[in-house]
Amino acid sequence: MTTMIPPAPPADAAAHFAALLAFETDCWDVHHALTTGTADFVLLDVRGPELYAAGHVPGAVNLPHGRIVERNLAHWPADAEFVVYCAGPHCNGADKAALRLARLGRPVRKMIGGVTGWLDEGFTLKAT
């Protein structure tokens with residue numbers, strides 16, 4: 001019941017949600033950036049190659065989270081922002097990928113919802 005715990009003070013709520021948006025983006029915003037040509041990030045599908053081939057977000061590069069190491073990132077500028085996604089909210093592959101990227105000093109956000117969220121928004125996947 002929401003009345004049992006009072007809401008956070010507005011300043012605390014603002015700080016919380018501002019921080020959250022620094023860590024995450026959503027499928028709609030990624031789709032909009034990709035389709036309008038304003039994407040200023042590298043979109044990484046961090047699932048395995050078989051799942052990627054079966055269907056991925058158009059424009060995504062496949063780099064499974066376990067293969068995120070400096071040598072596999074070398075062809076992107078050090079300040080390139082990465083947006084990572086995996087299968088969906090039941091999968092923590094995007095979190096593992098984001099952690100690896102952050103530990104390598106790379107700017108990163110997670111696309112919340114992953115493939116499940118993408119499809120829920122009515123967007124299509126591309127098979128290879």
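- To the nearest 0.5 angstrom, H31 atom NE2 is 12.0 Å from L43 atom CG.
- The distance from atom CG of L101 to atom NZ of K96, rounded to the nearest 0.5 Å, is 14.5 Å.
- Taken from CE in M111 to SG in C86, the straight-line distance is 9.0 Å, to the nearest 0.5 Å.
- In terms of modelled atom types and a separation under 3.5 Å, the side chain of R100 and the main chain of H65 share a donor-acceptor contact.
- Hydrophobic clustering of Ile, Leu, Val, Met, Phe, Trp and Tyr side chains at less than 4.5 Å, counting indirect connections, unites L104 with W76.
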**Report entry** Evaluation steps, side chain to side chain contact (heavy atoms under 4.5 Å, CB included), between D26 and E121
**Finding:** CA-CA 10 Å; D26 66 16; E121 290 288 343; over 6 Å; no
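- The heavy-atom pair separating A54 from A127 by the smallest distance is O-CB, 3.6 Å.
- Minimum heavy-atom separation, E70 to R106: OE2-NH2, 3.1 Å.
- The NZ atom of K110 lies 3.5 Å from the CG atom of D95; values are rounded to the nearest 0.5 Å.
- Clustering ILVMFWY residues whenever any of their side-chain heavy atoms sit less than 4.5 angstrom apart, transitively, puts V83 in the very cluster that holds L119.
- A 4.5 Å side-chain heavy-atom check between V108 and L44 finds every atom pair outside the cut-off.
- Hydrophobic clustering keeps L99 apart from F23 (ILVMFWY residues linked when any side-chain heavy atoms are closer than 4.5 Å, directly or through intermediates).
- Contact between A78 and P107 at its shortest, heavy atoms only, is O-CD, 3.9 Å.
- Scanning all heavy atoms of the two residues, the minimum distance from A94 to V84 falls at O-CG2, 3.5 Å.
- The shortest side-chain heavy-atom distance between H56 and Y85 falls under the 4.5 Å cut-off.
- Tracing side-chain contacts under 4.5 Å through hydrophobic residues (I, L, V, M, F, W, Y), one never reaches L63 starting from Y52; they form parts of separate clusters.
- Under the 4.5 Å side-chain heavy-atom criterion for Ile, Leu, Val, Met, Phe, Trp and Tyr, V57 and V46 are members of distinct hydrophobic clusters.
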Report task. Run the numbers on T128 and N62 for side chain to side chain contact (heavy atoms under 4.5 Å, CB included), then give the verdict. Result -> CA-CA 11 Å; T128 55; N62 185 225; over 6 Å; no
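- Note that CD1 of I112 is 7.5 Å distant from CG of L20, once rounded to the nearest 0.5 Å.
- A8 approaches A13 most closely through the heavy-atom pair CB-N, 4.3 Å.
- At distances below 3.5 Å, not a single donor-acceptor pair connects side-chain atoms of D45 with backbone N or O atoms of A60.
- The side-chain heavy atoms of T116 and P89, taken from C-beta on, include a pair separated by under 4.5 Å.
- A donor-acceptor contact shorter than 3.5 Å is absent between the side chain of R47 and the backbone of V115.
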Query - F82 vs I68, side chain to side chain contact (heavy atoms under 4.5 Å, CB included): CA-CA, chis, key distance, verdict - result: CA-CA 12 Å; F82 292 89; I68 295 176; over 6 Å; no
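- W118 and P58 make their closest contact through CZ2-CD, 4.2 Å (heavy atoms, listed as atom of the first residue, atom of the second, distance).
- Residues V30 and F41 form a side-chain contact, since some pair of their non-hydrogen atoms from C-beta on lies under 4.5 Å apart.
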